[in-house]
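Notes to accompany the following structure.
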Amino acid sequence: KALTFDVFGTVVDFRGSIIRQCEELGHAKGIKIDWPAFHDEWYIAYRPAITRIKNGEAPWANVGAIYRRRLEELLEKFSIAGLTDKEKEHLNHAWCRLDPWPDSVAGLTRLKKKYILSTLSNGDVGMLTRMAKYGGLPWDCVLSSEIFRRYKPAPEVYLGAIGLLSLMPHEVMMVASHNYDLRAARSHGMKTGFFARTAQYGPDQDIDIEAEEDLDVIADNLEDLAEKLET
């Protein structure tokens, strides 16, 4: 009855989008650095930050705040000076302006004819909402770990989403290009749908190349998922 989606990497190309926007900033401001390396260091700050929150070593913070703090550190590390506060905020909001993969909008639009579609992402509600507006992503609702003050793969996120949708676990399919996400969802009775995004982490990606378990649906991309779910 409903499909809940991981978004970063599964539906949108975060790495390519951030690098593109950083390069545009560099061109406008005359900043010449290794922007792919800048992105990669920015992105990887997210996982240890949420681990500290989970372990009670840091207070709750949403992803936007995590990235904003890391941005200040990286500007210093890469010797980038002269950005105004407004320019820094605009750069941090690049995480709201992520390009959908080529098959994403068409696949979601087709799936929407038959199923309720919702995000179920660690991204912020505001971030995901702006991303949908930017990329034309046709969600029926926006659910986020932020609502539950827990980050995936915490049980509260999956069970909370199922409850808010007023459905039973087996009536909801978690769709993701990340094995850890689907493993957790399945442990709570959800159906699972997987397709690989082998470029999401860059040219040296060595995880999530394929489904690691016998999931309910394994597709090539979002359009193929729609085909397999007979929409």
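Computed from heavy atoms alone, side chains included, the values below leave out hydrogens, waters and symmetry copies. For reference, positions follow the sequence shown, starting with 1.
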Note, Arg149 side chain near Glu156 side chain (heavy atom, < 4.5 Å): no
Hey, what's the ring geometry for Phe38 with Trp35, parallel, tilted or perpendicular (30° and 60° as the breaks)? perpendicular
Pairs flagged by salt bridge (Lys or Arg N to Asp or Glu O under 4.0 Å) wherever residues 31-50 is involved - sequence neighbours left out: Arg15-Asp40, Glu41-Arg70, Glu41-Lys77
Check the hydrophobic clustering (I, L, V, M, F, W, Y; side-chain heavy atoms under 4.5 Å; chains of links allowed) and say if Ile116 and Met190 are grouped together. yes
When rounded to the nearest 0.5 angstrom, what is the spacing between CG in Leu25 and CD in Glu87? 7.0 Å
Heavy atoms only: give me the nearest Leu111-Ala226 pair and the separation to one decimal. CD2-CA, 3.6 Å
side-chain contact (heavy atoms from CB on, under 4.5 Å) between Val175 and Asp6, worked out: CA-CA 6 Å; Val175 180; Asp6 173 71; over 6 Å; no
For residues 182-212, which residue pairs qualify under ring pair (Phe, Tyr, Trp, His ring centres under 6.0 Å), counting only residues two or more places apart or in two chains? Tyr158-His188
Begin with the C-alpha distance, continue with both residues' side-chain angles, and end with the deciding distance and a verdict on salt bridge (charged side-chain N to carboxylate O under 4.0 Å, His left out) for Lys191 and Glu171. CA-CA 7 Å; Lys191 299 296 185 182; Glu171 295 176 316; over 6 Å; no
Donor-acceptor check, side chain of Asp124 to backbone of Gly126, threshold 3.5 angstrom: yes or no? no
Do Arg186 and Met174 have side chains that get closer than 4.5 Å, going by heavy atoms? no
Is Trp42 linked to Ile66 within one hydrophobic cluster, defined over Ile, Leu, Val, Met, Phe, Trp and Tyr using a side-chain heavy-atom separation of less than 4.5 Å? yes
Pair Trp60 and Tyr151, ring centroids less than 6.0 Å apart: yes
Measure the shortest side-chain to side-chain distance between Leu98 and Ile18 over non-hydrogen atoms and say whether it is less than 4.5 angstrom. yes
Nearest 0.5 Å, please: how far is OG1 in Thr192 from CG in Leu215? 4.0 Å
Euclidean distance, Asn92 CG relative to Arg68 CZ, rounded to 0.5 Å: 6.0 Å
Using distance alone, with no hydrogens and no angle criterion, decide if Ser177 and Asp208 have a side-chain donor and acceptor under 3.5 Å apart. no
Set out, in order, the CA-CA distance, both residues' side-chain angles and the distance that settles side-chain contact (heavy atoms from CB on, under 4.5 Å) for Ser17 and Gln21, then state yes or no. CA-CA 6 Å; Ser17 302; Gln21 293 179 73; 4.3 Å; yes
Could I get the full list of salt bridge (Lys or Arg N to Asp or Glu O under 4.0 Å) partners for Arg97, not counting sequence neighbours? none
Met168, Leu229: one ILVMFWY side-chain cluster at the under-4.5 Å cut-off? no
Tell me, do Val12 and Asp99 make a side-chain contact under 4.5 Å, heavy atoms counted? no
Minimum heavy-atom distance Leu83-Leu75, with the two atoms named: CD1-CD2, 3.9 Å
Would you confirm whether Trp95, through its side chain, and Met127, through its main-chain N or O, come within 3.5 Å as a donor-acceptor pair? no
State, to 0.1 Å, how close Ala176 and Leu182 come at their nearest heavy-atom pair, and which atoms those are. O-CD1, 3.6 Å
Glu76 atom CD, over 12 foreign heavy atoms within 6.0 Å: no
Testing the basics here: between Pro100 and Gly135, what is the closest heavy-atom pair and its distance to 0.1 Å? CG-O, 3.5 Å
Sidechain N-carboxylate O distance under 4.0 Å for Asp13, Arg197: no
Side chain to side chain, Pro153 and Tyr180, heavy atoms closer than 4.5 Å: yes
Testing the basics here: between Leu222 and Val11, what is the closest heavy-atom pair and its distance to 0.1 Å? CD1-CG2, 4.4 Å
Under a 4.5 Å cut-off applied to non-hydrogen side-chain atoms, are Tyr115 and Met173 in contact? no
Quick one: pull up CG in Leu120 and CG in Leu164 and give me the separation to the nearest 0.5 Å. 10.0 Å
Would you say Tyr43 ends up clustered with Ile19 if hydrophobic residues are merged whenever their side chains have heavy atoms under 4.5 Å apart, either directly or through other cluster members? no
For the hydrophobic clusters of this structure (ILVMFWY residues joined by side-chain heavy atoms under 4.5 Å, transitively), does one cluster hold both Val105 and Tyr134? no
Under 3.5 Å donor-acceptor pairs involving side-chain atoms of residues 138-145, not counting sequence neighbours:
residue : atom : partner : partner atom : Å
Asp140  : OD1  : Lys112  : NZ           : 2.5
Asp140  : OD2  : Leu117  : N            : 2.8
Ser144  : OG   : Gly123  : O            : 2.4
Ser144  : OG   : Glu146  : N            : 2.9
Ser145  : OG   : Ser121  : O            : 3.4
Ser145  : OG   : Asn122  : OD1          : 2.5
Ser145  : OG   : Arg150  : O            : 3.4

When rounded to the nearest 0.5 angstrom, what distance separates OG1 in Thr10 from CG in Asp181? 7.5 Å
Please determine whether the number of non-hydrogen atoms from other residues, nucleotides or ligands lying under 6.0 Å from atom NZ of Lys1 exceeds 12. no
Where at least one partner belongs to residues 126-136, residue pairs that pass salt bridge (Lys or Arg N to Asp or Glu O under 4.0 Å), sequence neighbours excluded: none
Work out which heavy atom in Leu225 is nearest to a heavy atom in Ala219; give both atom names and the distance. N-CB, 3.6 Å
Could you check if a side-chain atom of Pro48 sits within less than 4.5 angstrom of a side-chain atom of Arg52, using non-hydrogen atoms only? yes
Spacing of NE2 belonging to His90 relative to CG belonging to Asp85, to within rounding of 0.5 Å: 14.5 Å
If you look only at pairs with a residue in residues 219-229, which of them pass as a salt bridge (Lys or Arg N to Asp or Glu O under 4.0 Å), with sequence neighbours excluded? Arg110-Glu227, Asp224-Lys228
Begin with the C-alpha distance, continue with both residues' side-chain angles, and end with the deciding distance and a verdict on salt bridge (charged side-chain N to carboxylate O under 4.0 Å, His left out) for Glu73 and Arg69. CA-CA 7 Å; Glu73 296 169 353; Arg69 287 198 294 265; over 6 Å; no
May I ask you to test the Leu108-Phe5 pair for a side-chain heavy-atom distance under 4.5 Å? yes
